[in-house]
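Just below is one structure, and these are the notes that go with it.
Quantities reported herein were computed from a predicted structural model and do not represent experimental measurements. Counting starts at 1 for both ligands and their atoms, in listed order.
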Amino acid sequence: MIELSERVLQLKPSSTLAVTAKARELREAGCDVVSFGAGEPDFDTPANIVEAGCQALKQGKTRYENTAGTPAARQAVADYFRQRFQRSDVRSENVIISTGAKHALYIAFMALMNPGQELLLPAPYWVSYPAQAQLAGGTVKVIPGSLDNNFKITPEQLEKAITPQSKILMLCSPSNPAGIVYSRQELEGIAEVVLRHPQLMVFSDEIYERLVYNGLQFTSFASLSPEIAQRTVTFNGVSKSYAMTGWRVGYAVADEAIIKAMTKLQGHMTSSITACTMPALIEALAGPQDAVTEMVSQFAKRAEHIYKLITAIPGLKCAQPTGAFYILPDISALFGKKDREGQVLDTAASFAQSLLKHKYVAVVPGEDFGAPNHIRLSFATSLEQIDKGLQRLKEFVEELL
Ligand code: PMP
Ligand code: GLU
């Protein structure tokens with residue numbers, strides 16, 4: 001019997017990736033699955049970016065690079081922050097390029113959190129935040145969001161949750177899994193509270209920053225003031241905005257001391273990211289942006305369409321998605337109903353399982369997002385797939401006894 005570490009035994013597998021794997025397995029077995037599982041754009045990486053990666057390989061970018069990223073790639077991120085968020089304080093020394101925003105987040109938790117310190121985590125949240133904080137020895141304190149307030153936490157809620165052990169406040173706007181976006185004013189309210197508690201840092205996950213709809217304006221948390229910038233680690237990457245999930249390129253921007261600490265960790269974990277992807281990152285951030293504009297307009301149409309279809313299904317309630325590519329309907333009105341095999345659906349997990357089994361529609365149950373009354377649908381899929389999947393979901397709900 002192999003003895004695994006306590007650390008890994010306590011860890012749950014990523015439910016977003018698990019649903020995607022299950023949907024892929026069924027599809028490979030010949031089933032006509034509609035997947036609203038993992039959040040990844042259905043678009044191809046724009047050709048100019050692919051070309052930059054290919055050229056880099058042909059030019060011999062096949063060796064280790066500087067651990068935190070090439071000077072040119074770090075500079076490209078700094079330039080992007082200056083131009084998009086008016087962050088004239090950001091220099092290349094404030095940037096680390098990592099294997100996706102996911103790994104940047106992990107090494108940031110490892111760099112800043114001591115055992116026993118708290119992560120303040122507004123719910124619903126992305127599944128990997130609590131897992132990563134716990135791997136760093138931290139404890140997780142959930143601040144519950146509610147549908148009535150569009151899943152946003154208030155300054156009062158934050159103030160109440162803070163203790164001397166609170167070390168990191170997690171923010172994710174546009175949000176995975178709720179698809180909502182905090183306004184500048186709402187973020188200012190949160191920033192005021194943060195400034196009253198000098199021990200508290202903020203992790204602002206802005207990976208969906210480009211994907212906002214309905215004329216909303218995105219605000220980068222660290223751009224609110226120099227004092228807030230000092231206390232914030234900003235995470236971003238090219239996975240979502242440039243359809244580059246498989247390239248595994250993300251980054252963090254923070255005070256130089258934090259970036260140095262993260263670089264020390266990265267040096268023992270992954271070294272630099274894959275060398276040929278760095279010129280592709282530069283091309284993504286600094287090259288033509290028309291492909292992004294086109295993808296965003298497609299996502300905006302899908303957001304509106306899926307919201308209309310979901311709210312037309314009796315028993316389902318949800319916030320209108322105005323960012324990212326997720327919608328999070330509350331299905332709790334259906335709890336207690338039976339599916340066609342007589343199985344009682346009393347949790348989001350049992351609902352999602354039965355929906356996949358009987359209708360071949362994959363959704364992620366909300367338990368691991370801290371949203372046990374909800375299911376998450378990613379609408380990073382075509383309008384045709386959305387129509388087909390939502391028709392099946394509607395039939396599924398209508399058939400419940
Ligand atoms: N943060 C959020 C909220 C996400 O949804 C994702 C998607 N996996 C990530 C971070 C990580 O993205 P990546 O590692 O592909 O950059
Ligand atoms: N972030 C995406 C999601 O939430 C991709 C899967 C993952 O990395 O968790 O579905």
Checklist entry - If you measure from atom 11 (C) of ligand 1 to every heavy atom of Lys102, Arg248, Met244, His103, which option wins on shortest distance? => result Lys102
Checklist outcome for this item: Check: of Gly39, Ser378, Gly37, min heavy-atom distance to atom 10 (O) of ligand 2 comes from Gly39
Next on the checklist: Please determine whether any non-hydrogen atom of Ile207 lies less than 4.0 Å from an atom of ligand 1.
Outcome noted: yes
Checklist entry - Would Val364 and Phe369 count as a side-chain contact (heavy atoms from CB on, under 4.5 Å) if you check the C-alpha gap in whole Å, the side-chain angles of each, and the deciding distance to 0.1 Å? => result CA-CA 9 Å; Val364 189; Phe369 300 117; 3.6 Å; yes
Checklist entry - Can a salt bridge be assigned to the pair Glu188 and Arg184 using a cut-off of 4.0 Å between side-chain N and carboxylate O? => result yes
Next on the checklist: Students should be able to answer this: which protein heavy-atom is nearest to atom 2 (C) of ligand 2, and at what distance?
Outcome noted: Lys240 NZ, 3.4 Å
Checklist entry - So is Ala101 close enough to ligand 1, meaning a heavy atom under 4.0 angstrom away? => result yes
Next on the checklist: Please list the nearest protein heavy atom to atom 8 (N) of ligand 1 with its residue and the distance rounded to 0.1 Å.
Outcome noted: Lys240 NZ, 3.4 Å
Next on the checklist: With a heavy-atom distance limit of 4.0 Å, tell me whether Phe36 approaches ligand 2 through its side chain, its backbone, both, or neither.
Outcome noted: neither
Item to check | Test of proximity, Ser128 against ligand 2: N or O pairs below 3.5 Å | outcome: no
Item to check | Contact check, Tyr208 vs ligand 1, heavy-atom distance below 4.0 Å | outcome: yes
Checklist entry - Can a non-hydrogen atom of Gly100 be found less than 4.0 Å from any atom of ligand 1? => result yes
Item to check | Side chains of Tyr208 and Lys240, donor plus acceptor under 3.5 Å | outcome: yes
Item to check | Element-labelled atoms of ligand 2 that are located less than 4.0 Å from some non-hydrogen atom of Leu17 | outcome: 6 (C), 7 (C)
Checklist entry - Does the ring center of Phe43 lie less than 6.0 Å from the ring center of Phe299? => result yes
Next on the checklist: Please list the nearest protein heavy atom to atom 9 (C) of ligand 1 with its residue and the distance rounded to 0.1 Å.
Outcome noted: Trp126 CH2, 3.4 Å
Item to check | Mode of Glu40 contact toward ligand 2 - side chain, backbone, both, neither (heavy atoms, under 4.0 Å) | outcome: neither
Checklist entry - In the protein, what heavy atom is nearest to atom 8 (O) of ligand 2, and what distance, to one decimal place, separates them? => result Lys102 NZ, 2.9 Å
Checklist entry - Which bit of Asn176 is near ligand 2, meaning a heavy atom under 4.0 Å away: side chain, backbone, both or neither? => result side chain
Checklist entry - Charged N to carboxylate O below 4.0 Å: is that the case for Arg231 and Glu227? => result no
Next on the checklist: Starting from atom 1 (N) of ligand 1, what is the nearest protein heavy atom, named by residue and atom, and what distance separates them?
Outcome noted: Asp205 OD2, 2.5 Å
Checklist entry - If you measure from each heavy atom of Gly39 to ligand 1, is any distance below 4.0 Å? => result no
Next on the checklist: Check for me whether Tyr129 has a heavy atom closer than 4.0 Å to any atom of ligand 1.
Outcome noted: yes
Checklist entry - Going through the checks in order, is the salt bridge (charged side-chain N to carboxylate O under 4.0 Å, His left out) test met by Glu367 and Lys12? => result CA-CA 12 Å; Glu367 282 91 344; Lys12 288 176 74 178; over 6 Å; no
Checklist entry - Do Lys260 and Glu256 sit within salt-bridge range, that is, some charged N less than 4.0 Å from a carboxylate O? => result yes
Checklist outcome for this item: By side-chain contact (heavy atoms from CB on, under 4.5 Å), Glu51 pairs with (sequence neighbours left out) Gln55
Item to check | Centroid-centroid distance, Phe351 to Phe396, less than 6.0 Å | outcome: yes
Next on the checklist: Need the ligand 1 atom indices (1-based, order shown) with element for anything under 4.0 Å from a heavy-atom of Cys172.
Outcome noted: 3 (C)
Next on the checklist: Would Asn176 count as being in polar contact with ligand 1, using the rule that some N or O on each side must be under 3.5 angstrom apart?
Outcome noted: yes
Next on the checklist: Checking side-chain hydrogen bond (donor to acceptor under 3.5 Å, both in side chains) between Trp247 and each of Thr45, Thr99, Thr277, which is the one that passes?
Outcome noted: Thr45
Next on the checklist: Which label fits Phe85 and Phe81: parallel for a plane angle under 30°, tilted from 30 to 60°, or perpendicular past 60°?
Outcome noted: perpendicular
Next on the checklist: Measuring centre to centre across the rings, with the benzene-like ring taken for any Trp, is Phe109 within less than 6.0 Å of Tyr129?
Outcome noted: no
Checklist entry - Is the shortest side-chain N to carboxylate O distance from Arg84 to Glu206 below 4.0 Å? => result no
Checklist entry - atom 9 (O) of ligand 2: which of Ile207, Val364, Thr16, Asp368 has the nearest heavy atom? => result Thr16
